[in-house]
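Each chain gets a letter, A, B and so on, in the order its sequence line appears, and its residues count up from 1. Everything numeric here is computed off the predicted structure, so don't read it as measured data.
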Amino acid sequence: MEKVQLETVIKIEGKVINRSEETINREIETGEIEVSIENFNILGNCKELPLPVFSDQEYAEEIRLKYRFLDLRRKKIHENIILRSKVISFIRNEMNNLGFLEFQTPILTSSSPEGARDFLVPSRLNPGKFYALPQAPQQFKQLIMVSGFDKYFQIAPCFRDEDARADRSPGEFYQLDLEMSFVEQEDVFNVVEKLLVNTFKKFSNKKLIFEKFPKISYSDALLKYGTDKPDLRNPLIINDITETFTRDDMTFEIFKKLVKSGSKVRCIVTKNTKDKPRSFFDNIDKWAKDQGASGLAYFTIENDKKEYSAKGPIGKFFSKEALNEIMKKTNAQVGDSIFMACGKLNEIEKITSLARDRIAKELNLIDENTFAFCWIVDYPMFEIDEKSKKVIFSHNPFSMPQGDIDKINFKKPLEILAYQYDIVCNGIELSSGAIRNHIPELMYKLFSVAGYDKKQVDEKFSGMINALSYGAPPHGGIAPGIDRIVMLLANEKNIREVTMFPMNQNAQDLMMNAPSEVNENQLKELNLNIKKK
RNA sequence: GGGGGUGUAGCUCAGUUGGUUAGAGCGAUCGCCUGUCACGCGAUAGGUCGAGGGUUCGAGUCCCUUCACUCCCGCCA
């Protein structure tokens, strides 16, 4: 019996008996009993283990993924997967109770040129043609609304052929896809907010900072946080102080020059950091440079000789009045420090957003035991494409523009806002949704702004447009990411920790050897030739 | 496509300014002991130091190239 290796599956026959008093072990669950073995045999042998199962140690991903069935026996990930199952059935139950019906939608569907890259599946019966795996059941759920089912949901697999991140599985992931008819934005918010609050209260001990999620407009979010997925646990806020650099008494010429040519200056104020060592500031500056920015200028506000002064390498460039203006604008006080970035709008949004996280971590400002949800609303319908300088849809071409439909000024497309919204929790984008545009004429108009004529729209979205022409109800929905919800609940930083059989960063399944080559016959049937390199 | 980090025994890691035969713990094998419960004790096996090239009397260590994994940027309507 002692020769039996770890992880071997055995069958024991014998009597369960009480342990004698001195051998009772209260540390373990079965510490009061033992089995008096009469007989045992081995049901499943175990080779030498490539990774220890009975251990909390961390192991290289490669080996964990290759032997996922062993990895999954380990306590932490085993519990994560159980949590995932429970969360999903809880959500399903809640949705059912709210009167939503769960439907399946096709996995083999048509490719859409917009958005993410599609996974393509060659058709044997239709040589030269391809199915695509759905990036999301977007069009189907709208068609379900048109079909008269007014509340739909699905724990839907979504497929996107894009590169992975820690919080983004390559290839496939799951969304709680939902759609409702005859609703406005607020109706969707009410359903999802309740659902998420219930789910997070049930499955986590962490405190919800907001049970009523604050709503932040997209433009506000970019100004105050530099991103449309702000971590609201972080108290730091970004301020625009570009104006101050147009003053005559401002002598910080580097920024002044940049501002003259259209650059912006934004800053982050850190409270009571005057006693931080020089290295604190320089490290952040150096870090910013490592991130590809030109650095973060800084000074600390001091109170020398009864007058405010800016102290630091660039402090001397700031007049008393200029300093006052900045303090007024940013609510900064004596003892606070100010980090500044100057550059093109999208560049400094990016670096100040990263700096906000970085500085907060450095100063330990984030309470890890909380969840901070918010809605990001009022997304713009269109944006300018950096490369082509053309007007493109900024999010979802099927979203409903805001305002009185008859009064929308299509000549100023960048000013059109959409009923488009995101949920963000702790800096992680959990979902996006929209009230959909169910009016074909309006859709043609919006598409024409983005450079598509009626014929192109009819070709691309024939199913959709056609359906909307036969009495479509106003409708809208949202699709929270299941994997990310479980990730937050399980307190994991990586989505693979809540995915049973994940692929690695290069979208390979090391256990099943996917993707793999296929044989000549398979290719022949599909009318495919592989170009050898 | 680009940038950073990592790569030494089955696993987790150490390895000094370049210097003898590359070490430890866990695991494995064999044996001993045992009312043990992550048992204990002893012995043994196990290494292309990710790969290739270079510098050097000498490379795990320095240089170049490359591969794998990972994090980030791009990308993800």
Side-chain angles (χ1 to χ4, degrees), chain A residues 1-3 5-7 17 19-37 46-67 70-71 74-75 112-119 135-136 138-139 158-173 175 229 287 289-293 346-347 350-351 353-354 357-358 379-383 385-387 392-399 418 420 422 429 432-434 446-447 450 452 460-461 479 481 484 493-496 502-508 510:
Chain A
M1 177 83 189
E2 282 188 343
K3 299 265 178 194
Q5 292 212 13
L6 287 169
E7 297 301 311
I17 55 176
R19 290 188 178 197
S20 62
E21 190 58 40
E22 72 275 14
T23 57
I24 286 176
N25 183 351
R26 306 205 187 275
E27 307 274 303
I28 56 177
E29 224 176 307
T30 55
E32 292 184 26
I33 55 161
E34 57 191 13
V35 180
S36 173
I37 301 175
C46 181
K47 296 203 285 190
E48 185 176 352
L49 293 166
L51 65 106
V53 172
F54 193 64
S55 163
D56 294 330
Q57 205 161 353
E58 301 214 19
Y59 299 95
E61 289 268 0
E62 201 174 351
I63 200 108
R64 291 183 58 198
L65 294 180
K66 186 165 179 193
Y67 296 94
L70 289 177
D71 190 39
R74 297 170 66 222
K75 191 163 185 256
S112 67
E114 307 274 321
R117 287 186 197 91
D118 283 320
F119 281 101
Q135 297 174 22
Q138 180 61 40
Q139 294 196 48
C158 304
F159 305 89
R160 294 177 193 176
D161 189 4
E162 295 294 346
D163 288 358
R165 288 285 183 280
D167 64 352
R168 204 164 84 203
S169 294
E172 54 191 78
F173 62 97
Q175 289 182 339
K229 37 183 186 173
W287 163 87
K289 283 175 178 141
D290 287 344
Q291 299 298 309
N346 54 357
E347 283 166 16
K350 203 178 112 192
I351 190 62
S353 164
L354 289 169
D357 292 340
R358 168 72 200 218
Y379 276 80
M381 192 84 212
F382 299 102
E383 63 187 26
D385 182 49
E386 286 288 318
K387 286 175 206 152
I392 56 168
F393 286 106
S394 68
H395 234 74
N396 184 331
F398 300 127
S399 297
Q420 168 91 42
D422 273 17
E429 185 190 318
S432 63
L446 291 166
F447 268 101
Y452 297 89
K460 266 185 174 176
F461 306 106
R484 285 183 181 172
K493 294 256 183 301
N494 194 298
I495 205 151
R496 290 185 297 274
M503 295 198 282
N504 70 7
Q505 192 172 41
N506 297 320
Q508 300 159 338
L510 299 177

> Looking only at atom P, what distance separates B:rA9 and B:rG50, rounded to whole Å?
Replying inline: 8 Å
> At under 4.0 Å between heavy atoms, what does A:R496 touch on the DNA or RNA strands: base, sugar-phosphate, or nothing?
Replying inline: sugar-phosphate
> Does B:rG46 have a Watson-Crick or wobble partner in any strand here, with both distances under 3.5 angstrom, and which is it?
Replying inline: none
> Which atom names give the shortest non-hydrogen contact between A:F382 and A:A450, and what distance separates them?
Replying inline: CE2-CB, 4.2 Å
>> Counting only side-chain heavy atoms from C-beta out, which of B:rC75, B:rU36, B:rU29 sits nearest to A:Q5?
In response: B:rU29
> Which nucleotide sits closest to the side chain of A:R160: B:rC11, B:rC76, B:rG35?
Replying inline: B:rC76
> Which one is paired to B:rA68, where only Watson-Crick or G-U wobble pairs with both distances under 3.5 angstrom count?
Replying inline: B:rU6
> Among B:rA38, B:rC75, B:rU12, which is the nearest nucleotide to the side chain of A:Q57?
Replying inline: B:rU12
> Going through the distances and angles, do A:D161 and A:R117 end up as a salt bridge (Lys or Arg N to Asp or Glu O under 4.0 Å)?
Replying inline: CA-CA 5 Å; A:D161 189 4; A:R117 287 186 197 91; 5.7 Å; no
> Side-chain donor-acceptor pair under 3.5 Å between A:N396 and A:Y379, yes or no?
Replying inline: no
>> Whether A:R165 contacts B:rC73 is assessed here as follows: a side-chain N or O lying under 4.0 Å from the phosphate OP1 or OP2. Is that the case?
In response: yes
> Which part of the nucleic acid, if any, lies within contact of A:P52, taking any heavy atom under 4.0 Å across all strands shown: a base, the sugar-phosphate backbone alone, or nothing?
Replying inline: sugar-phosphate
> Is there a Watson-Crick or G-U wobble partner for B:rG60 with both distances under 3.5 Å, and if so, which one is it?
Replying inline: none
>> Categorize A:E61 for me: base, sugar-phosphate, or nothing, with a 4.0 angstrom heavy-atom threshold over every strand shown.
In response: sugar-phosphate
>> Under 4.0 Å, counting only non-hydrogen atoms across every strand here, what does A:I63 touch: a base, just sugar-phosphate, or nothing?
In response: sugar-phosphate
>> Need the pair for B:rG25. Rule: Watson-Crick or G-U wobble, both distances under 3.5 Å, any strand; none if unpaired.
In response: B:rC11
>> Any base atoms under 4.0 Å from A:Q138, or only sugar-phosphate, or nothing? Heavy atoms, all strands.
In response: base
> Does any nucleotide pair with B:rC41 by Watson-Crick or G-U wobble geometry, both distances under 3.5 Å, and what is it?
Replying inline: B:rG31
> NA contact type, A:E58, heavy-atom cut-off 4.0 Å: base, sugar-phosphate, or nothing?
Replying inline: sugar-phosphate
>> Using the C1' atom as the point on both nucleotides, what is the distance between B:rA68 and B:rA14, in whole Å?
In response: 23 Å
>> Students often mix this up, so state it plainly: with edges at 30° and 60°, are the rings of A:F447 and A:F461 parallel, tilted or perpendicular?
In response: tilted
> Just to confirm, is there a sub-4.0 Å distance from OP1 or OP2 of B:rU70 to any side-chain nitrogen or oxygen of A:N494?
Replying inline: no
> For the side chain of A:E7 and the backbone of A:C46, is there at least one donor-acceptor N/O pair under 3.5 Å apart?
Replying inline: no
> Out of B:rC75, B:rU12, B:rG10, which nucleotide sits closest to the side chain of A:P50?
Replying inline: B:rG10
> Which nucleotide in the list B:rG74, B:rC11, B:rC37 gets nearest to the side chain of A:R19?
Replying inline: B:rC37
> Checking all strands, does A:S394 fall into the base, sugar-phosphate, or nothing category for heavy-atom contacts under 4.0 angstrom?
Replying inline: sugar-phosphate
> Across the strands shown, which category fits A:D56 at heavy-atom distances under 4.0 angstrom: base, sugar-phosphate, nothing?
Replying inline: nothing
Would you tabulate the nitrogen or oxygen pairs shorter than 3.5 Å linking the protein to nucleotides 66-68 of chain B?
unit_1	atom_1	unit_2	atom_2	d
B:rA68	O2'	A:E62	OE1	3.4
B:rA68	O2'	A:E62	OE2	3.3

